[in-house]
Amino acid sequence: MHAKFKINLEHTINSGQVFLWNKIEEEWIGVNGQEIIVAQQDSQIISSSGKEGYFFREDDNMEKILSRIRKDKIVNSAIMHFPGLRLIRQDAFQCYISFICSSNASIRNIKLMLTNICKKFGEKTEFNKHECFTFPTPEKLATASIKQLLDCRLGFRAKYVRDAAKMVDTGRLDLESLKKMDYQSSLEKLRTVYGIGNKIADCILLFSLDKLDAFPIDRWSQRILLKYYSKIFNDVNEKPLTEKKYEELHKEIVNYFGPYAGYAQQFLFKMERELNEKNWL
DNA sequence: TCATCACCTGGAGA
DNA sequence: ATCTCCAGGTGAT
């Protein structure tokens with residue numbers, strides 16, 4: 001890989017994509033499904049699964065991607081301020097459950113819920129002198145009762161998670177097969193899950209199912225569009241997006257930023273949150 | 001199709 | 001101390 005496009009772990013992990021990561025001294029330790037990943041800046045990234053170069057999308061052609069999304073001085077500024085920021089290719093089931101939990105919750109709270117889920121349903125594992133719990137498999141999480149999920153502090157999301165885990169466990173939803181489908185078809189399939197709307201579907205598609213044209217429009221994205229792009233996109237305002245508005249806006253966005261629009265979202269999101277001094281993990 | 005509203009919970013700010 | 005408000009939304013009316 002060209003040194004110019006070296007991954008910056010700090011920027012990447014602290015960008016709202018992942019929740020089960022902790023920094024201990026100079027090392028980052030993260031849970032990704034049944035694997036544990038240990039990474040240190042400017043050092044080798046190791047995984048308990050032995051799979052390399054996958055999680056941080058080291059196969060992405062960043063020169064090409066950045067040149068395609070650099071449409072204006074706003075994205076350009078975000079790219080310049082956060083070099084080495086990458087999208088992450090997460091374990092699909094963990095990503096799916098994580099973003100279902102993200103509904104109307106702060107990052108800190110999401111992390112707490114997911115940590116509780118791992119402690120209750122995951123496997124205690126040791127890797128590279130670090131001990132932690134893996135994320136439960138669909139089979140394991142599908143056995144969870146509502147009460148157990150409430151004990152994990154999921155609140156009203158407990159029923160969503162229970163249904164979602166059962167969808168995967170029973171084979172009614174095959175996350176791996178969504179990777180091979182196009183954006184629209186996989187989006188529609190995800191949206192059939194109780195608890196998944198457009199925004200959460202876009203997060204799952206972008207962060208785990210290789211749909212780089214997914215552009216999650218959350219409160220922050222909306223603020224960004226209103227602040228910097230109100231001249232470019234039609235009818236952006238601060239009001240909550242209806243399903244139809246969301247879809248129309250998404251089309252306009254992909255039309256403008258292109259097939260790697262999701263990368264543009266990640267840079268813009270990171271920049272605006274930092275500008276407002278919001279906390280990460 | 002659209003506008004409201006309730007929803008668990010933890011943390012920040014008044 | 002106690003209260004209010006909000007956080008990377010979604011589903012039901």
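Note on naming: letters A, B, ... go to the chains in the order of the sequence lines (proteins, then strands), and numbering restarts at 1 for each one.
For the pair Q17(A) (side chain) and I88(A) (backbone), a donor-acceptor distance under 3.5 Å is present.
Contacts of I110(A) with the nucleic acid, taken as non-hydrogen atoms under 4.0 Å apart, are absent. Nucleic acid contact class of F19(A) (heavy atoms, under 4.0 Å, all strands): none. At the heavy-atom level, S15(A) lies under 4.0 Å from base atoms of the strands shown. Residue F269(A) is in base contact, counting any heavy-atom pair closer than 4.0 Å across all strands shown. Contact annotation for Q17(A): base contact, defined as any heavy-atom pair under 4.0 Å involving a base atom.
For the pair K111(A) NZ and dG10(B) P, the interatomic distance rounds to 16 Å; values are reported in whole Å. The CZ-P distance, from R153(A) to dC7(B), rounds to 17 Å in whole Å. Between N104(A) atom CG and dG11(C) atom P there is a gap of 13 Å when expressed in whole angstrom units. Note: CG (L112(A)) to C1' (dA7(C)) measures 14 Å, nearest angstrom. To the nearest angstrom, P of dG11(B) lies 15 Å from NZ of K278(A). Taking atom CG of residue N198(A) and atom P of nucleotide dT10(C), one finds them 7 Å apart after rounding to whole Å. Rounded to whole Å, the distance from CG on L190(A) to P on dG9(C) is 18 Å. Remark: P of dC7(B) and CG of L150(A) are 14 Å apart, rounded to the nearest angstrom.
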| In dot-bracket form, how is DNA chain B paired, counting a Watson-Crick or G-U wobble pair only if both its distances are under 3.5 Å and using | for bases paired to another strand? | ..|||||.||||||
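Salt-bridge check for K159(A) with D163(A): failed, with every basic side-chain N at 4.0 Å or more from each acidic carboxylate O. The pair E247(A)-K251(A) does not meet the salt-bridge criterion, since no charged nitrogen lies less than 4.0 angstrom from a carboxylate oxygen. Salt bridge E188(A)/R191(A): absent, no basic N to carboxylate O contact under 4.0 Å.
Across dT2(C) and dC8(B), the matching P atoms stand 25 Å from one another, rounded to whole Å. dC5(C) and dC5(B) have their P atoms separated by 14 Å, given to the nearest Å. Of the C1' atoms belonging to dT10(C) and dG11(B), the separation is 23 Å, rounded to the nearest Å. Nucleotides dG9(C) and dT1(B) place their P atoms 24 Å apart, quoted to the nearest Å.
Under the 6.0 Å cut-off for aromatic ring centres, F215(A) and F269(A) do not qualify, their centroids lying 6.0 Å or more apart. Residues W21(A) and F55(A) place their aromatic rings such that the two centres sit under 6.0 Å apart.
Summary of the strand contacts: N279(A) and M113(A) both lie near DNA chain B, and taking for each the nucleotide with the nearest heavy atom, the more 5' one is attributed to M113(A). Projected onto DNA chain C by closest heavy-atom contact, R191(A) and D218(A) fall at different nucleotides, the more 5' of which corresponds to D218(A). Nearest-nucleotide mapping onto DNA chain C: of G195(A) and S106(A), the residue sitting toward the 5' end is S106(A).
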| task | Starting from the C-alpha separation in whole Å, work towards a yes-or-no answer on side chain to side chain contact (heavy atoms under 4.5 Å, CB included) for W280(A) and E274(A). | result | CA-CA 9 Å; W280(A) 300 103; E274(A) 291 290 350; 2.8 Å; yes
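Neither OP1 nor OP2 of dA7(C) sits under 4.0 Å from any side-chain N or O of R108(A). For the OP1/OP2 pair of dC7(B) and a distance below 4.0 Å, the side-chain nitrogens and oxygens of R157(A) include no atom meeting the criterion.
For the salt bridge (charged side-chain N to carboxylate O under 4.0 Å, His left out) test, no residue two or more places apart in sequence or in another chain qualifies with K140(A).
Below 30°, between 30° and 60°, or above 60°: for Y183(A) and H250(A) the angle between ring planes is below 30°, a parallel geometry. The aromatic rings of Y160(A) and Y194(A) lie perpendicular to each other, with more than 60° between the two planes, well past the 30° mark.
For the contact set between residues 229-256 of chain A and DNA chain C, defined by any heavy atom under 4.0 Å, there are no members.
Going from atom SG of C152(A) over to atom CZ of F121(A) covers 5.0 Å, rounded to the nearest 0.5 Å.
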